[in-house]
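Below is one structure, written out as structure tokens, with a few remarks after it.
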Amino acid sequence: MADLKQQTQGTRFFAILMPWGRVGSNLVTAALVTSGHVKIDNEPTTRISTLGHNDGLSRDVIGQQQFAHLRAFKELHQDADAAVGLKLSHRSLMSPRKYLKDLVDADFRLVVMLRSNFLKCAVSQLRALDRAQPQTNWQSPWAVARTEPKPGPTRIDPDEAIRLFKVFKKHQKALLDTVACVKAPDAMQIEYSRLAADPEATIRDVFSTIGMAQPERIRIPHKKATSDDLADDIINYPEFAQRVRDAGLDAFLEPEL
């Protein structure tokens with residue numbers, strides 16, 4: 001991908017990588033965009049993958065489209081006097097090692113977002129899906145704005161949460177394996193618990209990682225949608241917790257912060 005290597009002094013390219021979702025990426029991207037000279041294309045490889053699968057395209061063709069988008073993105077923004085980034089779900093990539101290798105070779109700085117409490121990832125996902133139902137009235141089911149009320153308790157299927165626990169765990173391991181293989185020495189890793197405990201300081205570090213001066217003020221446009229104590233937000237918590245304990249996952253009921 002040699003044609004991607006050329007970039008001007010003023011452009012700082014970066015990629016925010018997540019295993020799948022529910023790791024705080026919406027908060028980070030929104031804070032970056034509203035706090036400084038930062039542009040982000042939100043999950044283009046997911047769009048390409050979804051449309052391609054809907055059209056019956058093969059994985060090879062979808063992968064080619066993802067690489068074509070990356071080349072076009074770099075060419076389009078190579079003269080930008082700003083930080084310009086991609087927010088990417090590792091799960092959406094058809095050829096994840098080659099794609100991340102091309103990012104590194106093209107001087108994209110990597111920000112890797114992780115969340116080791118896979119159970120709370122799963123609960124967060126299920127609560128977001130509940131907010132995505134047609135009868136609800138949220139600005140976005142995936143990120144609750146500071147001006148909106150905190151979502152109330154919901155019923156959570158413990159078996160579905162345990163299934164999603166395994167999915168999130170698998171995708172996080174896959175992302176970490178890919179990052180290790182491409183040998184990105186300047187990659188920044190953000191564990192969700194650190195972001196939730198001090199979002200302003202964490203996002204200031206992201207500004208530094210992507211080569212931008214830290215703004216005087218960090219705006220945090222979203223609020224945490226699910227309490228760290230799951231008992232506050234799961235209507236059927238006693239049943240849920242017992243099923244989780246029976247599955248040997250009781251440690252994941254503990255606070256992340």
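Residues take their numbers from the sequence shown, with the count starting at 1. Because the structure is a prediction, the values reported are computed rather than measured.
Heavy-atom neighbours of His37 NE2 from other residues, nucleotides or ligands within 6.0 Å: at or below the threshold of 12. Surrounding NZ of Lys101 are at most 12 heavy atoms belonging to other residues, nucleotides or ligands under 6.0 Å away. Counting non-hydrogen atoms of other residues, nucleotides and ligands closer than 6.0 Å to CD of Gln135 gives a total above 12. The neighbour count for Asn137 CG, taken as heavy atoms of other residues, nucleotides or ligands under 6.0 Å away, does not exceed 12.
Ring centers of Phe14 and Phe108: at least 6.0 Å apart, outside the cut-off.
To the nearest 0.5 Å, the span separating NZ on Lys120 from OG on Ser227 amounts to 9.5 Å. Residue Asn236 holds its CG atom at 8.5 Å from CG of Asp157, rounded to the nearest 0.5 Å. To the nearest 0.5 Å, atom CD1 of residue Ile40 and atom CG of residue Leu32 are 5.0 Å apart. Separation of atoms CG (Leu17) and CG (Leu86) is listed at 9.0 Å; rounding is to 0.5 Å. Trp20 CH2 to Leu175 CG: the interatomic distance, rounded to the nearest 0.5 Å, is 14.5 Å. With rounding to the nearest 0.5 angstrom, the CD atom of Gln133 is 7.5 Å from the CG atom of Leu129.
Using modelled atom types, no side-chain atom of Arg204 and backbone atom of Gln214 make a donor-acceptor pair closer than 3.5 Å. Without hydrogens or angle criteria, Gln189 side chain to Leu114 main chain gives no donor-acceptor distance under 3.5 Å. Of the possible polar contacts, none joining the Lys87 side chain to the Thr29 backbone as a donor-acceptor pair under 3.5 Å is found. The backbone N or O of Thr46 lies less than 3.5 Å from no partner atom in the side chain of Arg91, so there is not a single donor-acceptor pair. Arg115 places no side-chain N or O within donor-acceptor distance of the main-chain N or O of Tyr192, the cut-off being under 3.5 Å.
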**Item:** Pair Asp205-Arg194, side chain to side chain contact (heavy atoms under 4.5 Å, CB included): steps then yes or no
**Value:** CA-CA 12 Å; Asp205 288 345; Arg194 172 190 171 195; 2.4 Å; yes
**Request:** Using the side chain to side chain contact (heavy atoms under 4.5 Å, CB included) rule, take Glu148 and Gln139 through it: C-alpha gap first, then chi angles, then the decisive distance, then the call.
**Result:** CA-CA 8 Å; Glu148 295 180 293; Gln139 293 181 30; 3.5 Å; yes
**Item:** From CA spacing to verdict: side chain to side chain contact (heavy atoms under 4.5 Å, CB included), His69, Ile48
**Value:** CA-CA 9 Å; His69 172 273; Ile48 293 167; 3.7 Å; yes
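At a cut-off of 3.5 Å, with distance as the only test, no side-chain donor of Ser92 or Glu43 sits close to an acceptor on the other residue. Side-chain atoms of Asp246 and Gln242 form a donor-acceptor pair, as typed in the model, at a separation below 3.5 Å. Side-chain atoms of Gln66 and Ser49 form no donor-acceptor pair, as typed in the model, at a separation below 3.5 Å.
For Leu119 against Val244, the heavy-atom pair with the smallest separation is CD2-CG1, 3.9 Å. The two residues Leu164 and Gln125 make their nearest non-hydrogen contact at CD1-CG, 4.2 Å.
Residues Val104 and Lys183 fail the side-chain proximity criterion, which asks for heavy atoms closer than 4.5 Å. Between Phe165 and Val123 there is no side-chain heavy-atom pair separated by less than 4.5 Å. When side chains are defined from C-beta on, Ser116 counts as touching Gln172, because their heavy atoms get closer than 4.5 Å. For the pair Leu88/Leu103, a side-chain contact is recorded, criterion being any heavy-atom separation below 4.5 Å from C-beta on. Between Asp81 and Thr11 there is no side-chain heavy-atom pair separated by less than 4.5 Å. Between Val112 and Ile190, every side-chain heavy-atom pair lies at or beyond the 4.5 Å cut-off. Considering only heavy atoms from C-beta on, Thr45 comes within 4.5 Å of Tyr99 through its side chain. Ile234 has its side chain out of reach of Thr154: every pair of non-hydrogen atoms, C-beta onward, lies at least 4.5 Å apart.
Linking Ile, Leu, Val, Met, Phe, Trp and Tyr whenever their side-chain heavy atoms come within less than 4.5 Å leaves Leu100 and Ile16 in two separate clusters. Residue Phe252 is grouped with residue Phe168 when hydrophobic side chains (ILVMFWY) are merged at heavy-atom distances under 4.5 angstrom, including chains of intermediate members. Tracing side-chain contacts under 4.5 Å through hydrophobic residues (I, L, V, M, F, W, Y), one reaches Met212 starting from Met113; they form part of the same cluster. Connection of Leu253 to Leu126 is established within a shared hydrophobic cluster, with ILVMFWY side chains joined at heavy-atom distances below 4.5 Å, either directly or through further cluster members. Under the 4.5 Å side-chain heavy-atom criterion for Ile, Leu, Val, Met, Phe, Trp and Tyr, Leu195 and Trp142 are members of distinct hydrophobic clusters.
Comment: Arg47 engages Asp41 in a salt bridge, judged by a side-chain N to carboxylate O separation of less than 4.0 angstrom. By the 4.0 Å N-to-carboxylate-O rule, Asp177 lies close enough to Lys173 to be salt-bridged with it. Comment: Arg71 does not engage Asp102 in a salt bridge, judged by the lack of any side-chain N to carboxylate O separation of less than 4.0 angstrom.
Just one residue in the list Arg127, Lys150, Arg22 forms a side-chain hydrogen bond (donor to acceptor under 3.5 Å, both in side chains) with Thr226, and that residue is Arg127.
For the pair Lys166 and Phe118, the cation-pi criterion (under 6.0 Å, within 45° of the ring axis) is not fulfilled.
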